[in-house]
Novice: 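What follows is a single structure, and I will ask about it in a moment.
Side chains are part of it too, since the values below use all heavy atoms of this structure and drop only hydrogens, waters and symmetry mates.
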Amino acid sequence: MSAAHGTTCPYCGVGCGVTIDRQNDGALAVSGDVTHPANQGRLCVKGSALGETLDLAGRLLQPQLDGRAVSWDQALDQVAQRFSRVIEQHGPQAVAFYASGQLLTEDYYVANKLMKGFIGAANIDTNSRLCMASAVVGYKRAFGGDAVPCCYEDIEQADLVILTGSNTAWAHPVVYQRLVKARRQRPQMRVVVIDPRETATCDIADLHLPLRPGSDAALFTGALHWLAEHQGLDSAFLQQHAGGTEATLAAAAEWSPQRVAAFCELPLERVLAFFQLLTASRDWVTLYSMGINQSASGADKCNAIINLHLAGGRIGRVGSGPFSITGQPNAMGGREVGGLANQLAAHMGFNAEDIDRVQRFWQAPRIARQPGLNAVELFQAVAAGQVKAVWIMGTNPAVSLPDADAVRQALKQCPLVVVSEVMAATDTAELAHIRLPALAWGEKEGSVTNSERCISRQRAFLPPPGAARADWWILSQVAQRMGYGAAFGYRHPSEIFSEHAALSGFENHGARAFDIGLLAGLDRQQWRQMKPVQWPVNGQHPDGCRRLFSDGRFFHADGRARLLPVTPRLPQNAVSPRYPLVLNTGRIRDQWHTMTRTGKAARLMRHLSEPFCEIHPEDAAEQGIADRSLVRLSSPYGWMLARAQCNPGQRRGSVFVPMHWNGQFTAQGRVDGLIPPVVDADSGQPESKHAPVRVSPWPVSWQAEIFLRAEIAAPKGIYWSRVAQDDLTHYIMAGQQPVEDWPAWLQQHFMLEGLTVQTAQLAQRGLHLIGWRQGEVQLAFYVRTQVPLLDRAAILSAFEHPPIGGPQRLALLAGRGASGQPAAGATVCSCFGVGENRIIAAIQAGCHSTEALGASLQCGTNCGSCLPELKKLIQQHASQRVA
C-alpha cells in the first residue's frame, strides 16, 4: 500500500498537477496527476525530477540575525522593531517588500495586506514584474480587467496557433506537448513560430518568422491592416462590442506588407504567408510570453496582438484568443491579491472608489493611496538611500534583475535587508542582515493560479524541517509585533484564502473580472479538498468558467472592449561599433529560474552543464571565436563568461544566453549583470530581451574537470562552473595563468593529503590524476590545453563501483569506460539519461525515426522535451551508416 498526495508543480505557469506516492519504505514517487486539467498526467523533465530536489542539503533551517542563529522570537522581534524604527524616522515610503511568484496566494495576500493596508505604502512588488507586467497592462487596456480569456483546450482546438516570444517547447513543455498531440490528431492545424532564433519550438512550425529583435508590434499591426484590406474584420463584433476601432485601423493603415517586411527584416513572401494564414483560418490562438513582454514597448506589443483578435472576432469562442502564458507557478495568484505595486488587492486599483472599498473591508488604518515602486525602481530607490529597509521573499534579485551588479551593491549598502528563503546560500541571501527560514514545496499548504486562471491546491506531504515556517505565518507574526494583531490573527491558510475570496466578491456585482466570492465560505476541510477550478467562481459561474467574453461583455464601464492604436518602435538601446551584437536572454529546457531547486538534481545538470553563449557561426568567425571555447560578453553594465555554442539557427547579429546561472553555480555567469535597467513606461517591465553587447574570445592556458567526494569551494581567479552530482563535487574549470606544478596546485586547492595518487602526464602540459584511499576513488582530475573529452558517466560510476585491476584503473585515468565502448556523450534525454553518442550510433544502425529511437533507447518516450533534438540528430546522421 502507498499513500498518495495531490499537489501542484512549483515551476512554470502551466500549473501541472502532481501526484506524490509515499511507498511503504518511506520513498516518494513523483508522477503527473491524470485528473488535473492542466497536464492530464503529463510532466516535463523538471517536474519528473522533483523527488530528487527534496533533500535538506543547503537548506536554511534556523533564523539568523546578523550572521548568528537565533530563536524565532528574537528574529521576529528584530524585524518588527527595525521596520517600525525606519517607518517612525523616515515614513512608510522608506520600507519595501519584494515578493515572488514562488509564494502561495495566501502568503502573497498577507504580504500585500500588511504593506498596503497597515504600513500604508504600496512599495510591494514582485519578480512577476519581470515576466508578465506588460501582459497585465495589455489586458487591462483592452478588456477593462486583467483577464486571460483562454484555456489550454483552446490551443488544441485552434485552426492556427501562433507562438510568439516563446520557446514553448523548453519553457512550457507540457503545453507544447499538448499542442504536438493535437496537431497529430488534427493535421489541418497550422503552427506559426515568431522568434529571432530557430528554437526547439520550431520543430512543428509550418512557418518560422525569424524577425528582427523587438519588431513584433509591426508584424501584428501589419496583420491588422491586412485583415482590413482583405475582408478579414468581424464588423458585427466590432460594432457591437468594441471601441477605438477607427483610430486603430487608421494607425495600422501605414503598415503595408512591404513596410512590415523591411521593418522586421523578413522576406516579403514569409510575411504574406503569415497574413494569408490568418484570413484562411477560422480560429486562432496567439500564445505569447517573455519575448513579447520583456520589452520597453512590451505593453504595446501585447495590445497589437489583442487588437488583431478583437478585430477578427477571434475571442470568447472555442479555439481562439490572445493567450499570455506566465513564467511562474503563481504569477497569476500574485496578480489576484495585488502583489504588483500598482494594484490593490482583488484586481482593484488606486482610484478613490477602490481605495475606499478595500480600506473598509480590511478596516485598514492607513491604506496606501497611490502606486508604489515597481521592481527596478524599488532597488534604484534602495541604491539612492530612499528605501532603507527591504524584505525579500522567495526570490533572488541580485541575479534576476537587470543591472544586477548595481542591485547587489544597493543591497550591500542598505541599512536593513531581510530575506525569507529556503536555501541558506543564494546571491541575495548572502547580503541579508536577517535570514528567515521558509517552508519549501512539499512542506507548505496553500493555493496557486496558473496561466489559464485555474486555481489549484499546493499540498504538504513532508513535515516542516528544522525551524522553517510558512511565509504567511512569518508575515503575520511580524504584523502582530508591529501592533496590527487584530487583522493578522490567522491560524490556518484556509482562513486567509476565505478572506481573499470574500474580498474578490465584495461590492463586485460583475464589475471586476476576478471574482471567487463563492469560495469564501469554504471551511478548512473543504479548502483542503478543493479541486482545480477556473475563475470566476460566483453566482453566475458556480463551477468556474473555461473561457471569458463569450457573451461579448467586457469590463470597461460601457461593457465594450478597446482597440488601441499602436506605433511600432524598435528597442532604444541600439547596437554600436563598440557593442555590435544584440543579447537575448531566456530559459533552457532542464533548469528553472536561478537554479535554487533544479540545480540540486544531477540529471537536470547533464543536458547543459554550464552557462553558454549561442552565436551564429559567421558572427563567431568574425570575432575569432571557436565552438566550445570560452568567451567574454560585456556591455556598459557588466561582463560575464560563457561557453560558445555556434548555431546556424541563431540570427546573425544576435546572441542568446540563458538566465539561470548565478554565483552559487559559476564564477562569472550572471547574464542580468549585462542588462540595462530600461523598462516599459506603462508596465515597468524590464527589457531583458535586448541589450547591445560585445563578445570576444577569453583565451585560456588550460581547461579541466575535477570530481571529488569532499565539498570544497572552487579556487578564485579562474573560470569555474559547478555541476550537481549525487554525493560528489564536480567542477568544470579553466584558467588564463599557466600552472607549472599541477599536483602542488591540487594540493593547495583540493587537498591531496592521505591519498594514493595515480598520474598520467600528457603532452602540452596535460595531466590526468586519480586520488585513491583504501581502494576507493576520492578524486579524479583531468586538465589539458583544450576541453577534456571525457566519459563523465564512466568516471562517476568509478566513484560508486571502484575499478579493480590495471586495465580498469588505466581506463579511469584516461577518462573513459573500461569496456572500450564510446562515451555516452552530452545528455539529450534527461528522463532516461541517454547521451548524444548513443543516439547517433542507434541512428547509424537504422533507427531513423523518433519512435524507433524510443523503442531502442527509451529517449523521447516520457516528457517528450527532447524530441526536437532527436529529430535534428536524425536529420544529421540518418544518411550515415556504420561499416
Side-chain angles (χ1 to χ4, degrees), residues 606 609-610 626-630 641 643-644 666-667 697-723 725 728-826:
R606 291 172 187 160
S609 299
E610 57 184 327
D627 190 36
R628 298 195 68 199
S629 66
L630 286 166
L641 299 176
R643 184 78 61 183
T666 194
W698 196 70
V700 297
S701 296
W702 55 269
Q703 302 201 53
E705 291 195 37
I706 189 167
F707 307 75
L708 62 159
R709 292 190 188 273
E711 181 68 40
I712 297 177
K716 295 181 179 180
I718 66 167
Y719 165 82
W720 59 267
S721 282
R722 180 162 64 87
V723 186
Q725 303 290 1
L728 292 177
T729 300
H730 175 195
Y731 290 113
I732 300 168
M733 302 182 294
Q736 293 189 310
Q737 298 302 316
V739 175
E740 299 299 331
D741 186 340
W742 280 111
W745 188 89
L746 289 169
Q747 172 63 38
Q748 176 187 354
H749 296 292
F750 294 104
M751 297 182 298
L752 299 181
E753 288 105 334
L755 300 184
T756 300
V757 175
Q758 178 185 11
T759 63
Q761 195 78 35
L762 307 177
Q764 297 180 330
R765 298 179 181 272
L767 176 75
H768 290 189
L769 183 149
I770 309 298
W772 301 82
R773 181 182 290 122
Q774 298 178 349
E776 290 192 338
V777 181
Q778 303 296 316
L779 178 150
F781 175 72
Y782 306 89
V783 62
R784 299 183 184 180
T785 55
Q786 302 298 322
V787 178
L789 300 178
L790 305 173
D791 187 341
R792 290 180 181 171
I795 296 168
L796 294 170
S797 178
F799 279 83
E800 188 173 352
H801 305 289
I804 300 173
Q808 290 86 354
R809 291 192 171 199
L810 287 174
L812 174 62
L813 188 62
R816 55 179 173 79
S819 64
Q821 294 294 318

Novice: Heavy atoms only: give me the nearest Gly817-Asp791 pair and the separation to one decimal.
Specialist: N-OD2, 3.8 Å
Novice: Does any pair with a residue in residues 767-782 pass salt bridge (charged side-chain N to carboxylate O under 4.0 Å, His left out), and if so which ones, sequence neighbours excluded?
Specialist: none
Novice: Can you tell me if Gln747 uses its side chain to pair, donor with acceptor, with the backbone of Leu752 under 3.5 Å?
Specialist: yes
Novice: Give the minimum heavy-atom separation between Ala780 and Ile795, together with the two atoms involved.
Specialist: CB-CG2, 4.1 Å
Novice: Is a side-chain donor or acceptor of Ser629 paired with a backbone partner of Ala626 at a separation under 3.5 angstrom?
Specialist: yes
Novice: Pairs in or reaching into residues 788-813: which pass ring pair (Phe, Tyr, Trp, His ring centres under 6.0 Å), with residues at least two apart or in two chains?
Specialist: none
Novice: Considering residues at least two apart in sequence or located in another chain, which fulfil the salt bridge (Lys or Arg N to Asp or Glu O under 4.0 Å) criterion with Arg722?
Specialist: none
Novice: Working to the nearest 0.5 angstrom, can you tell me the gap between Arg784 CZ and Leu789 CG?
Specialist: 6.5 Å
Novice: If we only count heavy atoms from C-beta on, is the Glu705 to His730 side-chain gap below 4.5 Å?
Specialist: yes
Novice: Mind checking the CZ-OG spacing from Arg792 to Ser797? Nearest 0.5 Å is all I need.
Specialist: 15.5 Å
Novice: Could you tell me the separation between the CZ atom of Arg809 and the CD1 atom of Ile770, rounded to the nearest 0.5 Å?
Specialist: 10.0 Å
Novice: Please confirm whether Arg643 makes a cation-pi placement over Trp698, using NZ or CZ under 6.0 Å from the six-membered ring centre and within 45° of the ring normal.
Specialist: no
Novice: Excluding sequence neighbours, so at least two apart, what forms ring pair (Phe, Tyr, Trp, His ring centres under 6.0 Å) with Tyr782?
Specialist: His768
Novice: So, Trp772 versus Gln778: side-chain donor-acceptor pair below 3.5 Å or not?
Specialist: no
Novice: Test: salt bridge (charged side-chain N to carboxylate O under 4.0 Å, His left out). Region: residues 728-738. Which pairs qualify, not counting sequence neighbours?
Specialist: none
Novice: So, Thr729 side chain and Ala710 main chain: donor-acceptor pair closer than 3.5 Å or not?
Specialist: yes
Novice: So does Val723 get a backbone contact from the side chain of Ser609, meaning a donor-acceptor N/O pair under 3.5 Å?
Specialist: no
Novice: What is the minimum heavy-atom distance between Gly775 and Pro802, and which atoms define it?
Specialist: O-CB, 3.3 Å
Novice: Which atom pair, heavy atoms only, marks the closest approach of Leu813 to Ala760?
Specialist: CD2-CB, 3.6 Å
Novice: I need the minimum non-hydrogen distance between Leu630 and Ala734, along with the two atoms involved.
Specialist: CD1-CB, 3.5 Å
Novice: side-chain contact (heavy atoms from CB on, under 4.5 Å) between Trp745 and Phe750: does it pass, once the steps are laid out?
Specialist: CA-CA 8 Å; Trp745 188 89; Phe750 294 104; 3.8 Å; yes
Novice: Before giving the answer on side-chain contact (heavy atoms from CB on, under 4.5 Å), spell out for Trp742 and Trp702 the whole-Å C-alpha distance, their side-chain angles and the decisive distance to 0.1 Å.
Specialist: CA-CA 11 Å; Trp742 280 111; Trp702 55 269; 3.4 Å; yes
Novice: Using every non-hydrogen atom in the two residues, find where Gln808 and Pro803 come nearest and quote the distance to one decimal.
Specialist: CB-CB, 3.6 Å
Novice: Applying side-chain hydrogen bond (donor to acceptor under 3.5 Å, both in side chains), run through Glu610 and Tyr719 and close with a yes or a no.
Specialist: CA-CA 11 Å; Glu610 57 184 327; Tyr719 165 82; 2.4 Å; yes
Novice: May I ask you to test the Arg816-Leu790 pair for a side-chain heavy-atom distance under 4.5 Å?
Specialist: no
Novice: Taking side chain to side chain contact (heavy atoms under 4.5 Å, CB included) as the definition, give me every residue that meets it alongside Ala667, ordered by chain and number, with sequence neighbours left out.
Specialist: Trp720
Novice: Could you check if a side-chain atom of Val783 sits within less than 4.5 angstrom of a side-chain atom of Met733, using non-hydrogen atoms only?
Specialist: no
Novice: Mark yes when over 12 heavy atoms from residues, nucleotides or ligands other than Gln736 sit less than 6.0 Å from its CD; otherwise mark no.
Specialist: yes
Novice: If only atom types and distance count, is the side chain of Arg709 paired as donor or acceptor with the main-chain N or O of Val777 below 3.5 Å?
Specialist: yes
Novice: Report the distance from atom OG of Ser701 to atom CD1 of Ile718, rounding to the nearest 0.5 Å.
Specialist: 12.0 Å
Novice: One pair to check against side-chain contact (heavy atoms from CB on, under 4.5 Å): Leu779 and Ile706. What are the steps and the verdict?
Specialist: CA-CA 7 Å; Leu779 178 150; Ile706 189 167; 4.0 Å; yes
